[in-house]
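What follows is a set of notes on a single structure, which appears directly below.
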Amino acid sequence: METTVVSDTSPLIALSRLGLIELPKQLWGRLYIPKAVFVEATRKNPGRKEVKTAIQAGWIIVKEVQDNATVQILEEMFGPGESECLLLAKELKASLLLIDEQKGRKMAKKLGLRITGTVGVLARAAEKKLLPEEKLAPSLRKLQKSGFRLSEDLIEQFLER
């Protein structure tokens, strides 16, 4: 059975900034994003070139959400990217949703979705030897310095694993 993974904007930008945009491809083969995430990730964000390249290569697939009425309801609580990725993950019966925002993660859990974030992707890649362990700590520190909300406790927790 193929693993269906949907991503929100934040993990794409964070992995691009780290020069590790290929990790989802190595872990799952392909990644689905809704149109709103495509717009957010390719609009004046660092990493937009890497995201466009991955789409052209065919391993990031932009997919339209079918239920626009529910998207409009969700947009009262979340941004367009989060709203669409929550719904796309449900529509595709995704095995995993990559999402960093706390509010979006809570909703994903309520919807019964399995989630991980950027740090989880880095940890999984390190476990599978796709990211050398000595690169994990510098990557986490770089994320933290770029404004990514990451506590020292969380960093230590992952490094101990």
Side-chain angles (χ1 to χ4, degrees), residues 2-68 70-71 74-75 77-105 107-108 111 113-132 135-136 138-150 154 158:
E2 183 185 302
T3 303
T4 303
V5 182
V6 173
S7 183
D8 191 19
T9 310
S10 172
L12 294 177
I13 292 170
L15 292 169
S16 294
R17 278 184 174 167
L18 295 172
L20 300 171
I21 188 70
E22 293 280 320
L23 287 181
K25 177 185 173 191
Q26 294 169 325
L27 289 166
W28 302 291
R30 64 176 56 143
L31 200 58
Y32 291 90
I33 62 171
K35 196 168 195 163
V37 167
F38 167 76
V39 170
E40 290 174 2
T42 57
R43 185 192 322 133
K44 294 185 186 174
N45 277 316
R48 68 180 172 272
K49 210 166 53 183
E50 292 86 344
V51 173
K52 284 180 180 176
T53 300
I55 291 166
Q56 288 167 345
W59 69 267
I60 291 183
I61 299 158
V62 181
K63 197 122 172 78
E64 289 276 346
V65 173
Q66 300 303 306
D67 185 357
N68 288 312
T70 302
V71 168
L74 287 172
E75 282 183 357
M77 296 174 277
F78 307 100
E82 279 180 321
S83 298
E84 286 192 15
C85 82
L86 287 164
L87 202 52
L88 185 63
K90 278 304 275 183
E91 289 177 357
L92 296 179
K93 296 176 176 55
S95 353
L96 189 63
L97 172 62
L98 309 183
I99 188 166
D100 290 321
E101 297 289 330
Q102 202 58 45
K103 204 167 139 187
R105 291 169 74 94
M107 178 57 82
L111 293 172
L113 298 167
R114 239 181 90 226
I115 60 168
T116 195
T118 302
V119 175
V121 172
L122 294 175
R124 186 172 294 189
E127 284 170 13
K128 299 212 179 263
K129 308 287 186 239
L130 298 171
L131 177 67
K135 275 190 129 183
L136 187 56
S139 294
L140 293 172
R141 299 273 179 238
K142 188 174 177 183
L143 266 182
Q144 194 180 39
K145 284 182 182 137
S146 74
F148 197 86
R149 288 191 197 131
L150 202 52
L154 189 62
F158 273 97

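Counting begins at 1 with the first residue of the sequence. Scope of the values below: all heavy atoms of this structure, side chains included, with no hydrogens, waters or symmetry mates. Predicted model, so just to flag it, every value in this text is computed and none were measured.
The side-chain heavy atoms of Val65 and Glu91, taken from C-beta on, include a pair separated by under 4.5 Å. Residues Phe38 and Arg43 have side chains not in contact (no heavy-atom distance under 4.5 Å, counting atoms from C-beta outward). Within the 4.5 Å cutoff, no side-chain heavy atoms of Glu84 are placed close to those of Val37. A 4.5 Å side-chain heavy-atom check between Leu15 and Pro24 finds at least one atom pair inside the cut-off.
Among residue pairs with one or both ends in residues 46-64, those qualifying as side chain to side chain donor-acceptor pair (under 3.5 Å) are Lys35-Glu64; sequence neighbours excluded. Counting only residues at least two apart or in different chains, salt bridge (charged side-chain N to carboxylate O under 4.0 Å, His left out) contacts with residues 15-24 comprise Glu22-Lys25.
Every residue two or more places apart in sequence or in another chain was checked for a side-chain contact (heavy atoms from CB on, under 4.5 Å) with Asn68, and none qualifies. Qualifying salt bridge (charged side-chain N to carboxylate O under 4.0 Å, His left out) partners for Glu75, counting only residues two or more places apart in sequence or in other chains: none. Residues passing the side-chain contact (heavy atoms from CB on, under 4.5 Å) test with Pro138: none are found, sequence neighbours excluded. Every side-chain contact (heavy atoms from CB on, under 4.5 Å) that Ala41 has, sequence neighbours left out, goes to Thr9, Leu12, Val51. With sequence neighbours excluded, the residues forming a side-chain contact (heavy atoms from CB on, under 4.5 Å) with Ala94 are Thr4, Val6, Ala89, listed by chain and number. With sequence neighbours excluded, the residues satisfying salt bridge (charged side-chain N to carboxylate O under 4.0 Å, His left out) with Arg141 are Glu152, Glu156.
Shortest non-hydrogen contact noted between Leu122 and Ser139 is CD1-CB, 4.3 Å. The two atoms that bring Ser7 and Pro11 nearest to each other are OG-CB, 3.9 Å, heavy atoms only.
Separating the CG atom in Asp8 from the CG atom in Leu86 is a distance of 7.5 Å, to the nearest 0.5 Å. The line from CG of Leu74 to CG of Leu111 is 7.5 Å long, rounded to the nearest 0.5 Å. Put simply, OG1 on Thr42 and CD1 on Ile55 are 6.5 Å apart, with the number rounded to the nearest 0.5 Å. Here the CD1 atom belonging to Ile33 is positioned 10.5 Å from the SG atom belonging to Cys85, to the nearest 0.5 angstrom. Atom CD of Glu82 and atom CD of Glu40 lie 8.0 Å apart (nearest 0.5 Å). In this structure, CD in Gln66 is found 9.5 Å from CG in Leu87, a value given to the nearest 0.5 Å.
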Under 3.5 Å, sequence neighbours excluded: what are the donor-acceptor pairs made by side chains of residues 96-104?
from   : atom 1 : to     : atom 2 : distance (Å)
Asp100 : OD1    : Thr118 : N      : 2.8
Asp100 : OD1    : Thr118 : OG1    : 3.4
Asp100 : OD2    : Ser10  : OG     : 2.7
Asp100 : OD2    : Thr118 : OG1    : 2.7
Lys103 : NZ     : Met77  : O      : 2.6

